[in-house]
S.K.: 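Quick one: the structure is below, and I'll ask about it shortly.
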2 protein chains.
Amino acid sequence: MATIYQVSELAKVSLATVSRVMNGNAKVSDKTREKVLLAMKELGYRPNSIAQSLASSRGNSIGLLVSELHGAFFGEMMAGVESELRSAGKHIIVTTGHSIEEKEKEGIEFLISRNCDAIILHVEAVSDEYLEELSKGKTPIFIISRYVENLAEQCISLDNELGGYLATKSLLDLGHTDIACIAGPQYKFDAKARFDGYKRALAEYNITFNEELFYSADFKETGGSEGIAHLMAQQQKFTGLVCGNDEMASGAMNFARERGLSLPEDLSVVGFDDVIFARYIHPKLTTILNPVNEMGRMAAKLVLKQIYQTKEQTIQQVFKPSLIVRESTQLINR
Amino acid sequence: MATIYQVSELAKVSLATVSRVMNGNAKVSDKTREKVLLAMKELGYRPNSIAQSLASSRGNSIGLLVSELHGAFFGEMMAGVESELRSAGKHIIVTTGHSIEEKEKEGIEFLISRNCDAIILHVEAVSDEYLEELSKGKTPIFIISRYVENLAEQCISLDNELGGYLATKSLLDLGHTDIACIAGPQYKFDAKARFDGYKRALAEYNITFNEELFYSADFKETGGSEGIAHLMAQQQKFTGLVCGNDEMASGAMNFARERGLSLPEDLSVVGFDDVIFARYIHPKLTTILNPVNEMGRMAAKLVLKQIYQTKEQTIQQVFKPSLIVRESTQLINR
DNA sequence: TTGTAAGCGTTATCAC
DNA sequence: GTGATAACGCTTACAA
């Protein structure tokens with residue numbers, strides 16, 4: 001690989017001049033610029049971004065930490081972040097945290113140690129305090145799909161509580177009064193907020209929360225099956241079911257059908273996220289739209305604005321979820 | 001951020017010694033090691049991997065280029081690569097190529113310029129020649145889900161032709177003789193190979209390929225709808241349909257049903273890939289299993305073996321697809 | 001406008 | 001074992 005030094009030799013100018021034409025900012029005469037460009041071409045020169053980064057302590061890249069690399073949810077999130085940043089000429093460095101505190105921290109350290117100009121985090125296991133501490137460091141952090149009170153300026157989040165409320169209310173409005181809930185892991189902020197929304201809607205309709213109609217699972221399809229198995233084992237009838245996400249809704253529906261229920265006649269189910277396969281599920285899933293892709297884009301715009309001083313007009317920090325009515329819910333059968 | 005220099009000061013040793021205890025290889029007395037470790041802890045020292053990389057011209061990270069960050073296919077692939085590498089203590093740097101030659105090259109250059117120890121590529125637009133040329137450079141390359149003859153040692157691929165053959169044969173074996181095909185973009189290697197397999201199966205059953213029963217689309221759901229719209233507009237009946245991937249199969253099935261066909265009675269459809277939602281499609285999709293996750297893991301093992309000299313036993317370079325029979329295909333109706 | 005030279009935070013090659 | 005010190009490839013004052 002050719003270095004800047006060889007280019008400078010060939011072009012008969014100094015290192016500094018080569019650096020200048022690369023970075024385009026400082027003034028260089030057209031004549032010398034031509035010489036340098038020519039030399040670069042001849043040598044097939046490519047700047048070593050590691051060296052650039054070390055010398056300038058900038059990276060021209062943004063770190064992105066997500067919990068997983070697979071799954072519709074993260075895929076859309078990453079794609080949103082990447083496309084916005086890429087069109088601004090920035091690269092992203094992706095790594096994972098697997099919702100495990102230790103791994104999340106390790107991932108963050110990796111990104112920081114790579115001199116990222118900023119890092120965008122989707123973290124679920126580390127505490128708010130840790131993030132606040134982290135934000136005092138020299139690498140700016142941005143948080144996606146989570147709201148940290150003291151870091152509000154850096155957060156792009158969804159009003160999950162509202163989502164849980166809307167999901168539950170949609171069932172209440174259809175006449176259901178016995179509504180079960182399979183929530184996500186309660187140590188996860190979004191899972192908890194969704195569940196809070198469920199309780200608020202119930203309260204608003206003067207229905208007292210019934211512990212026997214609640215189950216907390218793991219956001220996976222199998223968790224949904226377990227959840228409904230548990231609920232059906234209780235001696236409590238229910239005609240509506242609110243799930244913490246679409247995967248669990250799918251698992252629950254499959255299990256319910258296997259147990260002889262017909263859907264949505266015997267049980268109305270509503271999911272959360274509106275991941276891509278929600279409309280493939282049979283019956284098509286009524287769910288809450290979680291605009292992850294948009295949120296990803298917005299997080300990218302936020303870093304563009306705050307870090308690279310681009311003029312982004314529309315920064316929206318808190319997104320509102322909305323109800324998507326499909327075929328898995330219906331008026332209560334009496 | 002503390003540097004190695006501050007650690008050396010605090011521990012009252014030289015830079016070199018600190019570096020030695022970090023890298024663990026050279027001999028350091030237990031006493032000094034303790035001192036250094038203590039100093040590191042006190043300062044909360046983290047090595048700057050950019051500087052390490054520049055000095056050692058190694059990166060302890062592997063570049064990964066995929067076409068997209070979203071979608072079940074790439075999600076599984078990335079997850080496979082990452083999990084294998086992560087458990088070997090290596091980080092990955094992910095970037096995208098969007099199946100566009102220019103962007104693929106730019107992505108590759110980005111990864112090379114980041115001093116990756118090796119790069120794993122899923123590229124569709126660049127030519128075999130370009131890859132061969134690239135492989136002569138100092139960064140080792142590995143290719144996933146594509147077979148390049150002169151780079152066979154570095155490739156992890158799927159026998160797509162066999163997949164196309166199996167898909168088509170499954171229909172032939174069910175008695176179908178008029179079998180249409182909605183293939184992927186023919187400039188993509190895998191799409192073409194799958195189509196080749198389709199033709200081979202037909203030939204084996206003495207059925208001549210009919211151009212009117214063929215459509216080439218874009219691997220997306222909408223492409224599937226367009227495809228079947230086109231096919232149904234021809235005056236050629238067909239009772240079987242082979243699709244280049246599951247997305248297109250889904251699009252085609254939806255469209256067919258909207259046009260009043262009942263599935264699988266009027267039309268047997270087989271997909272390709274067995275992405276996660278294949279079993280959500282109604283009727284559940286018969287398809288070809290494409291073990292992308294496994295292939296991702298294998299690519300990772302290959303770099304582990306070739307680059308880091310770990311002892312990986314089982315390197316399998318060419319994967320065989322297999323047929324997954326579900327409910328979207330059935331014996332021909334007469 | 002162009003050149004000189006001092007870093008950036010490590011690793012690695014020598015001596016001691 | 002340990003310590004100087006020269007790279008690594010580039011950026012960036014400061015001079016000229």
Side-chain angles (χ1 to χ4, degrees), chain A residues 1-37 39-40 43-61 109-117 137-139, chain B residues 1-37 39-40 43-61 109-117 137-139:
Chain A
M1 256 294 135
T3 73
I4 198 177
Y5 180 71
Q6 306 177 36
V7 174
S8 79
E9 268 189 324
L10 216 178
K12 297 190 203 314
V13 296
S14 71
L15 287 187
T17 303
V18 178
S19 176
R20 287 188 187 104
V21 349
M22 281 180 46
N23 298 300
N25 29 7
K27 308 126 212 319
V28 181
S29 77
D30 287 359
K31 227 175 288 177
T32 40
R33 162 172 293 105
E34 287 312 310
K35 282 197 299 186
V36 172
L37 257 19
M40 285 189 183
L43 292 163
Y45 171 75
R46 295 284 149 203
N48 177 324
S49 61
I50 293 287
Q52 287 182 312
S53 176
L54 183 60
S56 65
S57 61
R58 274 180 274 101
N60 245 272
S61 65
E109 270 164 13
F110 171 73
L111 294 174
I112 291 178
S113 81
R114 302 299 290 194
N115 268 197
C116 292
D117 296 340
K138 88 169 203 290
T139 307
Chain B
M1 255 294 138
T3 73
I4 199 177
Y5 180 71
Q6 307 177 33
V7 175
S8 79
E9 269 190 323
L10 213 177
K12 298 190 205 312
V13 296
S14 72
L15 288 187
T17 303
V18 179
S19 176
R20 286 188 187 103
V21 350
M22 280 180 48
N23 298 299
N25 29 6
K27 313 127 210 317
V28 182
S29 78
D30 287 0
K31 226 175 290 176
T32 40
R33 163 172 293 105
E34 287 311 311
K35 282 197 300 187
V36 172
L37 256 20
M40 284 187 181
L43 292 164
Y45 171 74
R46 296 282 150 205
N48 177 323
S49 61
I50 293 287
Q52 287 182 313
S53 178
L54 182 60
S56 65
S57 62
R58 272 180 276 101
N60 244 271
S61 65
E109 270 165 11
F110 171 73
L111 294 173
I112 292 179
S113 82
R114 302 299 291 195
N115 268 198
C116 292
D117 295 341
K138 86 170 206 288
T139 307

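Letters A, B, ... are given to chains in the order of the sequence lines, protein chains preceding strands, and every chain is numbered from 1. A quick note: this is a predicted structure, and the numbers were derived from the prediction, not measured.
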S.K.: Each nucleotide in nucleotides 7-16 of chain D should get exactly one letter: B, S or -. Can you fill that in based on protein heavy atoms under 4.0 Å?
M.R.: -BBBBBB---
S.K.: Salt bridge (charged side-chain N to carboxylate O under 4.0 Å, His left out) with B:R20: which residues, sequence neighbours excluded?
M.R.: none
S.K.: What's the CZ-C1' distance between A:R33 and C:dT2, to the nearest Å?
M.R.: 13 Å
S.K.: Find the distance A:R114:CZ to C:dT10:P and express it as a whole number of Å.
M.R.: 13 Å
S.K.: Mind checking whether B:N23 and B:S19 have side chains closer than 4.5 Å, heavy atoms only?
M.R.: yes
S.K.: Return no unless some side-chain N or O of A:T32 is found under 4.0 Å from OP1 or OP2 of C:dT2.
M.R.: yes
S.K.: Which part of the nucleic acid does A:S29 contact within heavy-atom distance under 4.0 Å: base, sugar-phosphate only, or nothing?
M.R.: sugar-phosphate
S.K.: Do B:N48 and B:T3 pass the side-chain contact (heavy atoms from CB on, under 4.5 Å) test, and can you show the C-alpha distance, the side-chain angles, and the key distance before you say yes or no?
M.R.: CA-CA 8 Å; B:N48 177 323; B:T3 73; over 6 Å; no
S.K.: Check ring-ring contact (aromatic ring centres under 6.0 Å, His included) between A:Y45 and all other residues, then give those that pass, not counting sequence neighbours.
M.R.: none
S.K.: Identify, with sequence neighbours excluded, every residue that meets side chain to side chain donor-acceptor pair (under 3.5 Å) alongside B:S8.
M.R.: none
S.K.: Nearest heavy-atom pair of A:P47 and A:Q52: which atoms, and what distance?
M.R.: CB-NE2, 3.6 Å
S.K.: Restricting to salt bridge (charged side-chain N to carboxylate O under 4.0 Å, His left out), what partner residues turn up for A:E109, sequence neighbours left out?
M.R.: B:R46
S.K.: Once you build an axis from the first five pairs and another from the last five of the helix from C:dT1-D:dA16 to C:dC16-D:dG1, how far apart in angle are they, to 10 degrees?
M.R.: 40°
S.K.: Of all heavy-atom pairs between B:N115 and B:K138, which one has the smallest distance, and what is that distance?
M.R.: ND2-NZ, 4.4 Å
S.K.: Please report the distance, rounded to the nearest Å, between CG in B:N115 and C1' in C:dT11.
M.R.: 13 Å
S.K.: Could you tell me the separation between the CD atom of A:E34 and the C1' atom of C:dT1, rounded to a whole number of Å?
M.R.: 16 Å
